[in-house]
Asker: 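Encoded as structure tokens, here's the structure I'll be asking about.
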Number of protein chains: 2
Amino acid sequence: MIEERYHHGDLRQALLVIAKQQLTSQGFEALSLRAISREAGVSHAAAYRHFPNKEALVAALACAGFEQLAAFVEAEVMQHSADPREQFFQCGIAYVQFALNNAPLFRVMFGVSGVDRLQYPATHTAAQASFGVLVGTIQRGQAAGLIGAGEPRQLAFTAWAAVHGLATLALQDQITSQQGAIDSERLVRNSAKLLWNGLKYGQT
Amino acid sequence: MIEERYHHGDLRQALLVIAKQQLTSQGFEALSLRAISREAGVSHAAAYRHFPNKEALVAALACAGFEQLAAFVEAEVMQHSADPREQFFQCGIAYVQFALNNAPLFRVMFGVSGVDRLQYPATHTAAQASFGVLVGTIQRGQAAGLIGAGEPRQLAFTAWAAVHGLATLALQDQITSQQGAIDSERLVRNSAKLLWNGLKYGQT
DNA sequence: ACCTCTATGTTGACAGTGGTAACATTGCTT
DNA sequence: AAGCAATGTTACCACTGTCAACATAGAGGT
């Protein structure tokens with residue numbers, strides 16, 4: 001049993017965990033350093049020993065989000081190691097799924113709050129890393145001769161943008177299809193097929 | 001010369017104008033009803049006679065943004081009335097340009113603040129209307145036999161998502177290319193070519 | 001011309017926020 | 001054991017969104 005002690009142990013981590021809970025349950029607007037500290041059983045100024053300001057806390061949240069995203073997408077992609085085309089599709093499907101299942105976190109990751117990512121190197125590199133998963137998929141596609149020539153990073157960027165757009169727009173019109181949930185897989189497959197056709201011919 | 005009078009005349013509009021100024025100059029985070037009212041030379045509660053709350057003011061801002069976006073894209077597209085393919089490209093180029101030139105407004109338009117657009121019908125229809133510009137372009141492309149078969153709204157959605165993704169990602173990594181400004185036109189053309197290739201073959 | 005009603009604006013309050021400074025406690029290091 | 005840096009606490013500040021009670025202006029009916 002944990003004693004009530006003056007020093008918390010790992011307050012920074014605890015704050016992040018609670019912040020993520022509050023984020024997913026209450027949304028970004030309701031995120032408050034004071035509420036988080038309260039929940040952590042700590043005074044409202046304690047957080048400032050671990051984060052220079054609220055923005056930094058949010059940036060750390062985003063950082064963790066990117067790591068989670070990369071791990072999730074990579075895992076999904078690896079289930080289809082045989083077929084590069086299917087890998088490519090899964091990349092997008094997993095991405096959108098993640099966005100829909102972690103809407104508030106996703107919004108935080110992508111500049112909701114106008115956080116200048118370049119000011120938070122950890123967050124920035126985590127974002128780059130998650131991008132790397134897609135680049136890898138593209139490269140395997142090229143190696144297999146299924147994707148035409150082209151700078152892989154640039155192709156990946158295009159593909160990323162397409163899927164990212166789907167994710168954010170889907171997130172927005174919450175119920176585009178007037179049914180309860182969006183069929184994200186169908187949504188992505190439609191776009192991905194189109195992109196894949198384009199990719200076959202390279203970027204001329 | 002305008003007298004100092006008790007009733008402002010058209011306070012609602014004045015507030016929106018000032019809000020937009022503050023938004024573009026100070027960013028979304030700094031947007032405050034009180035500051036806006038102050039600037040309008042009016043008490044801090046006056047705004048509540050015209051907007052039920054801050055969110056509504058922001059929604060109205062977004063609404064105006066969508067109208068501006070639609071007008072801008074349409075104007076750019078119409079300069080290339082001859083060539084449907086070039087129209088399609090211009091659509092995307094104009095879209096990204098708008099996003100980069102009106103970054104804070106663009107962020108407000110797209111769920112920055114988790115505003116539930118469905119709760120603000122005016123905003124929602126304005127958004128739909130701006131989407132309509134792209135649908136029209138696709139339809140003209142199909143009519144000219146340059147774009148394969150497919151439900152135009154669905155194709156448009158795919159294209160929109162691709163471009164929207166480019167815009168938001170570009171907005172985020174502000175200086176992706178380590179140069180001062182992003183060459184948005186080149187960025188979009190790369191993607192658009194790819195999409196266009198895909199579109200030629202329809203969505204099978 | 002007056003009177004009333006409604007739209008609009010004002011004042012003053014409240015709870016909650018992010019942030020800072022001054023002080024308290026803890027536990028590692030020497 | 002002493003001292004020092006890390007970590008928490010308390011008290012405060014300016015600011016925010018929002019509401020209720022009050023004030024004023026202007027439009028319409030009489």
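Reminder, nothing fancy here: chain letters follow the sequence lines and each chain counts from 1.
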Asker: Could you tell me how the ring of B:Phe110 sits relative to the ring of B:Phe106: parallel (under 30°), tilted (30 to 60°) or perpendicular (over 60°)?
Answerer: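 Judged by the thresholds at 30° and 60°, the geometry between B:Phe110 and B:Phe106 is tilted.
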Asker: Name the pairs: protein N/O against N/O of nucleotides 13-15 of chain D, kept only if under 3.5 Å.
Answerer:
none

Asker: Nearest whole Å is fine: how far is C:dG16 C1' from A:Gln22 CD?
Answerer: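 So the CD-C1' distance, A:Gln22 to C:dG16, works out to 14 Å.
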Asker: Does the base of C:dG12 carry an N or O that pairs as donor and acceptor with the side chain of B:His44 under 3.5 Å?
Answerer: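 Side chain to base: pair present.
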Asker: Once you round it to whole Å, what is the distance between P of D:dG17 and CG of B:Leu15?
Answerer: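 About 12 Å, once rounded to whole Å.
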Asker: Rounded to whole angstroms, how far apart are CG on B:Leu33 and P on D:dG17?
Answerer: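 Atom CG in B:Leu33 sits about 5 Å away from atom P in D:dG17.
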Asker: Would you call the rings of A:Phe88 and A:Trp196 parallel, tilted or perpendicular if under 30° counts as parallel and over 60° as perpendicular?
Answerer: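 Plane angle between 30° and 60°, so tilted.
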Asker: Whole angstrom is fine here: how far is it from CD in B:Glu55 over to C1' in D:dT18?
Answerer: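 It works out to 14 Å between those atoms.
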Asker: Once rounded to the nearest 0.5 Å, what's the spacing between atom CD of A:Gln90 and atom OG1 of A:Thr137?
Answerer: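 If I round to the nearest 0.5 Å, the distance is 10.5 Å.
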Asker: I need the CD-P distance between A:Glu39 and C:dG16, as an integer number of Å.
Answerer: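 It is 16 Å, rounded to the nearest whole Å.
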Asker: Rounding to a whole Å, what distance do you find between B:Arg49:CZ and D:dA25:C1'?
Answerer: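 Rounding to the nearest Å, CZ of B:Arg49 and C1' of D:dA25 are 14 Å apart.
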Asker: Do the ring planes of A:Phe72 and A:Phe98 sit parallel (below 30°), tilted (30 to 60°) or perpendicular (above 60°)?
Answerer: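 Tilted: the ring planes of A:Phe72 and A:Phe98 meet at 30° to 60°.
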Asker: Taking only the side-chain nitrogens and oxygens of B:His50, find out if one of them lies under 4.0 Å from OP1 or OP2 of C:dG9.
Answerer: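 Checking C:dG9 against B:His50, a side-chain N or O does come within under 4.0 Å of OP1 or OP2.
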Asker: Looking at C:dG19, C:dT10, D:dT18, which one has an atom nearest to any side-chain atom of A:Asn53?
Answerer: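 Taking heavy atoms from C-beta onward, the closest nucleotide is C:dG19.
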Asker: Does a sphere of radius 6.0 Å around CZ in A:Arg85 hold more than 12 heavy atoms from other residues, nucleotides or ligands, not counting ones at 6.0 Å or beyond?
Answerer: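 Yes, the 6.0 Å shell around CZ holds more than 12 heavy atoms from other groups.
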Asker: Rounded to whole Å, how long is the line connecting atom NZ of B:Lys54 with atom P of D:dG17?
Answerer: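 Distance, rounded to whole Å: 5 Å.
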Asker: Hey, which of these two, A:Ala30 or B:Ala46, hits DNA chain C nearer its 5' end, going by closest nucleotide?
Answerer: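 Looking at the nearest nucleotide for each, B:Ala46 comes out on the 5' side.
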Asker: What is the minimum heavy-atom distance between A:Leu105 and A:Gly65, and which atoms define it?
Answerer: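 Of all heavy-atom pairs spanning A:Leu105 and A:Gly65, the closest is CD2-CA, 3.9 Å.
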Asker: Take atom CG of A:Leu11 and atom P of C:dT25, then tell me their distance rounded to the nearest Å.
Answerer: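 Those two atoms, CG and P, are 19 Å apart.
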